[in-house]
Number of protein chains: 2
Amino acid sequence: MPKETFFNLQNDKRNLIISAAIEEFSKANYNSASINQICKRSDIPKGSFYQYFEDKLDLYVYIMKMAIEEKIRFFSAVITELHDQTLSEQIRFLFIKGLEFAKKYPQYAALGEQFLKENDEAAKAAVIQEGDRQSEALFIHMINNAKEKGEIDNKVDALALSLLLQSLNSAVNRYMLDKFGDISYEHAKEDVNRFVDSLLSIIFNGVRSKFD
Amino acid sequence: MPKETFFNLQNDKRNLIISAAIEEFSKANYNSASINQICKRSDIPKGSFYQYFEDKLDLYVYIMKMAIEEKIRFFSAVITELHDQTLSEQIRFLFIKGLEFAKKYPQYAALGEQFLKENDEAAKAAVIQEGDRQSEALFIHMINNAKEKGEIDNKVDALALSLLLQSLNSAVNRYMLDKFGDISYEHAKEDVNRFVDSLLSIIFNGVRSKFD
DNA sequence: TGACAATATGACCACGTGGTCATATAATAT
DNA sequence: ATATTATATGACCACGTGGTCATATTGTCA
């Protein structure tokens with residue numbers, strides 16, 4: 001955790017440091033990200049940095065936890081609406097919300113993408129500890145629920161489907177990023193919706209010709 | 001391209017350098033990978049390195065191209081068998097072959113994984129130039145082919161399905177890596193086959209209960 | 001005003017980086 | 001044996017890294 005001195009800072013200054021750190025850590029992995037750059041960008045001397053943080057890892061973990069907490073907050077505000085929907089609606093909902101999150105907090109989304117690429121085991125471990133694997137658990141819960149309701153076939157492998165959905169989720173983000181530069185769903189709301197529908201239609205109806 | 005001097009080297013020495021480079025570039029991204037480490041590991045002086053290569057990028061591109069060429073060679077040796085199979089069989093085939101490639105050339109597979117994580121735009125661009133996007137084209141070709149044969153529904157979005165298959169392919173690899181440490185398909189041949197079947201069954205039959 | 005603690009600061013450290021270059025050595029041709 | 005060319009080598013360079021620390025500045029009590 002950052003030192004007390006950091007939290008005693010004026011809000012403006014503290015936020016400036018935070019946003020400088022977010023920018024740095026979302027553009028380079030842990031090893032390549034530079035404390036010097038963060039200091040320059042937030043206009044604080046090197047010495048001050050080490051008054052505020054124990055070391056590089058301290059800042060990294062702090063920033064990553066912020067992003068994770070924001071994402072959890074965003075989704076838990078939304079997840080209560082899911083209960084009485086079909087699995088298909090739930091999944092569409094999560095996909096679209098995922099894109100909305102990336103639009104609302106592009107830096108946090110970028111941090112997440114960067115974290116997926118992280119090579120440094122120590123940095124990864126420090127961030128994860130526990131808390132991850134949650135999205136997998138969420139998907140599996142939704143799937144089993146849908147099975148009980150008879151909404152999807154009991155023969156469907158929950159883990160396989162969950163993996164499929166997760167990888168799809170990041171694929172959608174990457175697709176948007178590739179096509180529009182940023183994940184700004186606004187540009188092409190219809191386009192995105194159509195794309196998500198195509199994916200969901202494949203998953204729910206299968207690919208096989210109905211005239212088989 | 002490496003300098004002539006490099007290709008005049010004795011095979012042993014040249015291969016030692018190559019394998020040292022592969023190891024380094026598969027464990028760290030372009031920026032973090034270290035020439036010094038490569039020199040140490042292959043027991044050549046720094047000065048010699050720069051007799052053999054123009055610079056770091058020169059070596060990086062050379063190594064990555066080797067991996068790509070090996071993968072293309074591996075798949076093109078296999079792809080002729082695909083023609084008279086159904087799409088489902090084709091896809092299973094590619095998935096399994098992908099795992100086999102990762103088993104046969106784990107270092108090359110690791111290089112590929114690392115390349116997916118690459119942040120350095122210049123390094124990425126130098127490797128790609130052209131030549132990528134091939135796997136996407138292959139999938140789309142297979143899909144459209146299957147449509148013509150009436151094998152899959154015409155309404156299925158080829159790009160969406162192609163994207164789904166690609167992301168799934170890397171997801172399967174990652175899943176195996178996660179579960180077994182390395183991608184040694186041998187350990188759990190049945191397990192893997194069952195898992196791939198589950199995924200394909202979802203894609204082809206859809207998820208929806210047949211009693212709807 | 002003086003004393004004490006909290007904070008701010010940048011020169012400095014040891015080290016690792018990609019890359020250079022003068023020199024030594026080996027190989028080849030005359 | 002001599003001259004010429006190709007190769008081998010490691011000290012060296014400028015720079016960037018994460019991190020330290022003595023000192024200067026400020027804030028807060030009495």
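All chains are named by letter (A, B, ...) in the order of the sequence lines, taking the proteins before the strands, and each is independently numbered beginning at 1. Side chains included, hydrogens not; waters and symmetry mates left out as well; all remaining heavy atoms used.
Atom pair B:F6:CZ and D:dT7:P shows a separation of 13 Å (rounding to whole Å applied). Note: CD (A:Q10) to P (C:dT7) measures 13 Å, nearest angstrom. The NZ atom of A:K46 sits 17 Å away from the P atom of C:dA8 (whole-angstrom rounding). In this structure, A:E4 places its CD atom 16 Å from P of C:dA5, rounding to the nearest Å. If you take CD1 of B:I44 and P of D:dT9, they are 9 Å apart, rounded to a whole angstrom. Per the geometry, NZ belonging to A:K13 stands 9 Å off C1' belonging to C:dT7, to the nearest Å. Distance, A:D120 CG to D:dG18 C1': 13 Å, rounded to whole Å. Following rounding to the nearest Å, B:N31 (CG) and D:dT17 (P) show an atom-to-atom distance of 10 Å.
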Run the side chain to side chain contact (heavy atoms under 4.5 Å, CB included) check on B:N29 and B:Q114 step by step: do they pass? CA-CA 6 Å; B:N29 67 11; B:Q114 196 62 51; 3.8 Å; yes
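Counting non-hydrogen atoms under 4.0 angstrom, A:S48 reaches a base of the nucleic acid.
Interatomic distance, CG of B:L99 versus CG of B:L94, reported as 11.0 Å (0.5 Å rounding). To the nearest 0.5 Å, atoms CZ (A:F204) and OG (A:S88) are separated by 4.5 Å.
Both A:G47 and A:I35 lie close to DNA chain D; mapped to their nearest nucleotides by heavy-atom distance, the more 5′-ward contact belongs to A:I35.
In this structure, A:F25 and A:Y30 have parallel ring planes: the angle between them is below the 30° cut-off, well short of the 60° mark. Between B:F53 and B:Y62, the angle of the ring planes lies from 30° to 60°, which puts this pair in the tilted group. A:F101 and A:Y108 have parallel rings, their planes meeting at less than 30° on a 0 to 90° scale where 60° marks the start of perpendicular.
Note on the helix from C:dT1-D:dA30 to C:dT30-D:dA1: angle between the axes of the first and last five pairs equals 10°, rounded to 10 degrees.
The local environment of NZ in B:K40 is sparse, with at most 12 non-hydrogen atoms from other residues, nucleotides or ligands closer than 6.0 Å.
Stacking of B:K124 on the aromatic ring of B:F115 is not recorded, the 6.0 Å distance cut-off and the 45° axial limit not both being met.
Dashed line: the shortest gap from a side-chain N or O of B:N8 to OP1 or OP2 of D:dA6 is not under 4.0 Å. In this model, the phosphate group of C:dT17 is approached by a side-chain N or O of B:N36 to a distance below 4.0 Å at OP1 or OP2.
Listed nucleotides C:dG18, D:dG18, C:dA8 differ in distance to B:S34; the shortest reach to its side chain belongs to C:dG18. Across D:dA8, C:dT7, C:dG18, the shortest atom-to-atom separation from the side chain of B:L9 is found for D:dA8.
A heavy atom closer than 4.0 Å to some atom of DNA chain C occurs in B:Y50, B:D55, B:K56, these being the qualifying members of residues 50-63 of chain B.
Under the side-chain hydrogen bond (donor to acceptor under 3.5 Å, both in side chains) test applied with B:E100, the options B:K103, B:K104, B:K97 reduce to a single match, B:K97.
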